[in-house]
Amino acid sequence: MKSDRGDIELAGVCKSFDGATYVVDGVNLKIADGAYCCFIGPSGCGKTTILRMIAGHDDPTAGEIVIGGQNVVGLAPVQRRTAMMFQSYALFPHLTVRENIAFALRVRGQSKSDRLRAADAMIEKVRLTQFADRLPAQLSGGQQQRVALARAAITEPRVLLLDEPLSALDEQLRVQMRQELRRMQQELGITFIHVTHTQLEAIALADLVVVMEQGKIKQAGPAREVYAHPHDRYVAEFMGGQNVLSGRVEKVNGASFTLARAAPDGIEVPLRPRSAVSVGDKVDIAVRRDDVALVRPGRDLPPGCTTSLPSRVLAIEYQGYFVKVMLDTVPDDEFVAYVPEKTFFADPFAVGDVVMATWATGSALPLA
Amino acid sequence: MQSSQTPPRANLAGWFYVAPLVLVLVPFFVAPILVVLAASFFATDGFGGLTPGFTLASYVEVLHSALTLKLYLATIKFTVLTWICTLIIGFFVAYFLVFHVRNQLLAIGLFLLCTVPFWTSNIIRMISWIPLLGKEGLINQALLGMGVIRQPLEVLLFSDLAVVIAYVHQLTIFMVVPIFNSMARIDKKLIEAAIDAGASRFDIMRLIVVPMSKSGIALGTIFVVSIVMGDFFVVKVMSGGGSASVVSAFYEDVGVLQYPTAAASAVLLTLVLVAIVSLILRTVDIRQEITR
């Protein structure tokens, strides 16, 4: 029985090309029907391999891939009812836009008039009507991307797989096409799985963000959870927007503990619910860059702040609505404060100034 | 657009760029053709002496001869048979090398293997067919031994079949190389995209690989057609003198010092070949395909 549901379950999926090293190493994940899921990680982390295994272009060495309740391992892409949009699109260069889009229908044996009618309807949906008779080489990057999307979507797949769909575009177009992808996903109402290495892209688009490292899932969850509550140092650093500090637990006091640091009184950190630390543990904590406030030495700390770390300003970058201030708070590691533009210019710092970096105690996040 | 305003200095530089080609082409290509063209209009005293002048007598003679048509038909028959065989073999050899041999080093090795027959001379390669195809040859012996035939097959050697076999043996590489070249430039992702769309192996070949190898097929066709049409040696040796080609006729003319008729035949053949090649180039824009 064929199911129209596009929910996906990966169970213990492993992939090794040479039998010794695992590119994908025991991945378990559930993706809901109609979700927009982004796999994100540095190159070589196995995210594209997972995509290709879901698509049926690679077979897993071990594990199950279940789509709509059916184990699809060993099935051809057509039987899986998945469609893939390739990185750099892989449009057929000798076929026109219309023929490219109608290709899947052609090989399914649809009559010429039927398939061209369907292709034209799809062309209209991606707003390429005036380009229907052009060859791919005569289109801009953004238009090619829309052809690729239309070509993949025309078979009414239950899962659409996108391999770095925006990486070939320039910055402005990327933001524009990002919205278009989301619009198409909502219009089609099917599961999208999108592989990217751009954090912004992932959190802007996805219902489910999956952060990967070396063949393993580091964290999977809604975009806001992954960004604001990273599990560990890797996710915090990879997703960005966080400062990561490490130190030893000096004392545990009820719902919080104190991290020994260069700071005179240590750093007070609230405990995660249902977690425990003991004195002497080595712990990483994350503090969001936009939670860090900078105060000149000797002034009062803002309310709610108990920790302040003396630092020197290393560099200042104006970013428009905020100013990026780089500090030497942590030896050999980045520590950055995103100061709102108006706050910064009310009393601007210069490179070399000594400041106190501080944050509300509750905003420090212990990492696993 | 801008050529009319090109400064003379740039013009001079342009001439320097083409100079090497001109220096090769003019003495070795343009001049001989002009000589042949001129000779075809000259009169002859019948003993090899040429009288400069302008007469169409040689052309009239060649075109009026019933033999000319017969020879062209024979040559075209060989050409078409050879073309079909080399195309089929060449296409599949290239297809195998590009799409089925995963290891690129192995593919290059096998590709070089295709050129091994060219390490020996053309004549030796032709002679080596004799022990295989001859009356007492391996094939006849084997068939006789198995009791498939009672009499040795005469058709194997010194026949039209032998001519085509020799041509195919010699010329398949001229199909393999350009087709391999254009196939190797097909992005493997396109094949995956086609599989993703549900295309069968045959669909992929029909809708993706063949159309995208068009330029290679056209180039190979030009090589094969022009070589077969310009050949007389293989026909002569492999048919045992039983068949002739256009070129063998004017080779005979040269032998009996009929230079103007030989020249006229040569000019005619050149025109026919130019027509065929331009027909091929009209169907496939090789230049555009190659620079793509």
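These values consider heavy atoms only, across backbone and side chains, with no hydrogens, waters or symmetry-generated copies. Letters A, B, ... mirror the listed sequences (proteins, then strands); counts begin at 1.
- Residues of residues 86-101 of chain B lying under 4.5 angstrom from chain A, judged on non-hydrogen atoms, do not exist here.
- For a residue to count as touching a neighbouring chain, one of its non-hydrogen atoms must lie under 4.5 Å from one of that chain's; by this rule A:Arg106 touches chain B with the side chain only.
- Ranked by heavy-atom pairs under 4.5 Å with chain B, the first of A:Glu99, A:Arg52, A:Gln87 is A:Arg52.
- The local environment of CG in B:Leu112 is crowded, with over 12 non-hydrogen atoms from other residues, nucleotides or ligands closer than 6.0 Å.
- Residues of residues 187-200 of chain B lying under 4.5 angstrom from chain A, judged on non-hydrogen atoms, are B:Lys189, B:Leu190, B:Glu192, B:Ala193, B:Ala194, B:Ile195, B:Asp196, B:Ala197, B:Gly198, B:Ala199 in numerical order.
- When the shell of 6.0 Å around CD of A:Gln186 is examined, it contains more than 12 heavy atoms from other residues, nucleotides or ligands.
- Interface check for chain B: of the options A:His57, A:Arg108, A:Arg80, A:Met84, the most heavy-atom pairs under 4.5 Å are formed by A:His57.
- Per-residue heavy-atom pair counts under 4.5 Å with chain B were compared for A:Thr82, A:Ile154, A:Leu91, and the maximum is reached by A:Leu91.
- With a threshold of 4.5 angstrom between heavy atoms, A:Phe92 approaches chain B through its backbone and through its side chain.
- Enclosure of atom CD in A:Gln138 by more than 12 non-hydrogen atoms of other residues, nucleotides or ligands within 6.0 angstrom is indicated.
- Neither the backbone nor the side chain of A:Ala76 comes within contact range of chain B; no heavy atom of the residue lies under 4.5 Å from a heavy atom of that chain.
- Residue B:Arg206 places its CZ atom among more than 12 non-hydrogen atoms of other residues, nucleotides or ligands, all under 6.0 Å distant.
- Applying the 6.0 Å contact sphere to CD of A:Gln130 captures no more than 12 heavy atoms from other residues, nucleotides or ligands.
- In B:Arg282, the CZ atom is not crowded: 12 or fewer heavy atoms of neighbouring residues, nucleotides or ligands sit closer than 6.0 Å.
- Contact annotation for B:Ile186: neither backbone nor side-chain heavy atoms come within less than 4.5 Å of a heavy atom of chain A.
- Using a 4.5 Å heavy-atom cutoff, the side chains of A:Phe103 and B:Ile208 are in contact.
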